[in-house]
Amino acid sequence: MNYAQIVLPLNLKGSFTYKVPDELISDIQVGMRVLVPFGGKKIYTGIVFEIHQNAPEKFVAKEVIGILDDKPIVPQEQINFWNWLSDYYLCSLGEIYRFAFPSSLKLESETYLKIKPNVHIDFQNLDVNEMYLIQALEVRQLINLTDIEAFIPKKDIIKTINSLIDLQYIEIDEKVAEKYKAKEVAYVKINDEVLKYQNITEILLTLKRAQKQKDLFLHILEKQTENPDLPIKKSELFEGGYFGNSHFKALADKNLVEEYYLQKDRIESYEGEIEQIEQLSEAQIIAKKEIDEAFEEGKNVLLHGVTSSGKTHIYLEKIEECINEGKNVLFLLPEISLTKQITQRLEKKYGRQLGFYHQKLTDFERVEVWRRIRQNDIKILIGTRNALFLPYQNLGLIIVDEEHDSAYKPREVSPYFNAKDSALVFGNFYGANVILGSATPSVESYYNARKDKMKYVFLNERFGNVKLPEYELINFKEAQDSKKVSGNFSLQLVDSIKKVLDEKNQVIVLHNRRGYANVVECESCGYVNYCSNCDVVMTYHKSTNEMKCHYCGQRASKPKTCPKCHSENLNERGVGVEQIHEEVSKLFPDNEVDRMDVDSMRKKFAYEKLYEKIEERETDIVVGTQMISKGLDFDHIELVAIPKADSLLYVQDFRAEERAYQLITQVSGRAGRVSGNGKVFIQTYNPDHSVFQLLKMNEPAKVYKYILTERQKFHYPPFTKLIMIELKHRREDKVNRASQFLGSIFRKYLPEDCVLGPEKAQIARLNNLYQFQILLKLPRGKKYEEYKKLILISLKEFDEITAYQSIKKGVFVDF
DNA sequence: TGGTGATTCGGA
DNA sequence: CCGAATCACCAT
């Protein structure tokens, strides 16, 4: 007897055992998709993770229904990777599977209704809904459950179906249908027979009384002879409106031309010129050499290149080398909107061998990329974190660009994994080299590189030896005391900006807080507007004149009077980016000032439009949130201003300083990219703060040394490992008790100083769920593995308490 | 008391 | 995660 371990696309621990029927045993292989029944009568697409002969003892295994692939769709390297992810991040294989696969590849059975054969239906005794359903079934034979909603009220559906089943009139059926459909495009050509055996002049004679048909025939013939390998699109013929489909049809009826179909990629590839890469600078050559050496030793690389140092040049060289060795490349980016520069350059060089994979593709587009990767049709794949799950054949190089970016580990979607760290392991499974690149590496990566776990390669100069921007700290307290301020801007800053604008250059103003004012408060009774779903005050957005909750998205209109005491003295407190934008517009009325944040970029192509506006220098000042630190590589930005820099540091998070450093450095990098005269103004009440002082020195090593010392002092990563467990429930008392209990289990197994909490989460209630957190601070190395086993035991012990099963639990490794 | 919506539980 | 089973509550 043969059995298989199957992973199902459900959030369930581990894999499930199924019997492999004898007729399938010769075809089934690890990594293939199979159809299996699960639960009541549903059929799912599972992945074969193992084939063995051990009959289960505690239950009777169901049988595999069928195999969907003729060769494995998940390569062994991916299977290893999934197992590692599930083990390291304490998440289930099912979760990973659901995340990894486009849903068109995960077929699920759908429930259909049909009329039982040979029944006599007595319409007299049916109610209206039952009548509708029967009539619909008589017309359509099969009806999908969701379609019924169109003609029966939702609440009556179950009742209607059940009663008809009781009457033995209808039955339920499960069907699995292929979802993916190739897109087909019509092409035309001259009938082969015509070309071989007939005389063109004769044909033209027969067409002499149909001028348009004749013209069309000649048009197609001409195109075809001109370039026999280039298929002619049918739609192309009708462009300009001279020919119509009737002309074509007439020719086709005479068997002179024919129509054929080709499957078309949904994603258009670049088909323009192919270009060579530019020469590397001296510094780049040295850096590249160091990378080569590291790869020889089998080491991965952290490429720390200051802004505009031309990391991309080096990537391009390494990509080229890898391709020449016949291997493929995976290029990871934190988000797809940043692809512009890199893709433009790669497209010109590799054309059709380039593929994209990211969250914005439709499902069918994803499937097409899947197939092309599987057929080894794509040499370079540019993608976001979900591109780690494509079925690569022969991966030689992985590049993780902007490796510090937090988009590599979003907290909102499960499974919770960090794509940057995972890429290193993934590369290992494939025997591929990995480069992590950034102008501001994460402290963890920097530490690992310095500890020789990776090779540290530092590119300390901008390309073409352009000078790095200069930092200037403005003591805002002093400016205020000497009355040299206008709102949130010191006169010194205003003058500096003016100077840059006078030279027809551009300015960036960073203020990392959305909305207009943080809080609207009643002056007489102190009332503030809380979100009804979350324990969070709502932010005032002036542009849309509404209050928004930034966590659950709820909106409300702005109160004109205090809802509690009806006072009209409503006070706006806390400065948001909208307010800074308004201020800047007033300070520089003759200049064009634009705002860039998630709220103003919501409209379609808003980003593209603004990007172009800046590029064409129609915009003089861009005011924005952290968004402006990414991808805005323009030649004429000479000044970056951060009017309220302290707000970047006042965040309750041990990474606050790291983040502030990264954000300021990234946004500064936009200044003086060509001129080398870039200036960065940081307005602060604490000009002596270490982060600001260190930034000013422009010596990254000192910044990292400072942050690492702090981290070591307070036992934070990279010196310890953090695991955070979050419990959520609608009822506060229940989740409170549950987290106390879980905390006590942890304390039973782990040393006291490893367990912190439970505590109310910073946002105690989110979307009507109360949340509590337990933080585990664990030692690194061998001890960690030991402790992790104990954590697993603890979590299992907790799961066994039935009363707490309704509590939602999230486990975040490397929090 | 039966019907409805919410909660819990098992799945191979 | 999904559906079946069970539970809790309310109107009749």
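What you are looking at is a predicted structure, and each value in this text was computed from that prediction instead of being measured. To find a chain, count down the sequence lines: A is the first, B the second, and so on, and within it residues start at 1.
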Side chain to side chain donor-acceptor pair (under 3.5 Å): pairs with one or both residues in residues 54-65 of chain A, sequence neighbours excluded: none
Whole-Å gap separating C1' (C:dC1) and NZ (A:K808): 12 Å
Check: A:F417 ring centroid to A:Y88 ring centroid under 6.0 Å: no
Rounded distance (Å) that lies between atom P of C:dC1 and atom CG of A:L107: 20 Å
Exercise: do A:S15 and A:E50 side chains pair donor with acceptor under 3.5 Å: no
Within residues 105-127 of chain A or reaching into it, pairs that qualify as ring-ring contact (aromatic ring centres under 6.0 Å, His included) - sequence neighbours excluded: none
Nucleotides 7-12 of chain B: protein proximity per nucleotide (B base, S sugar-phosphate only, - neither; heavy atom, under 4.0 Å): SSS-BB
A:F389 and A:F101 aromatic centres sub-6.0 Å: no
Spacing between A:K106 atom NZ and C:dC2 atom C1', to the nearest angstrom: 15 Å
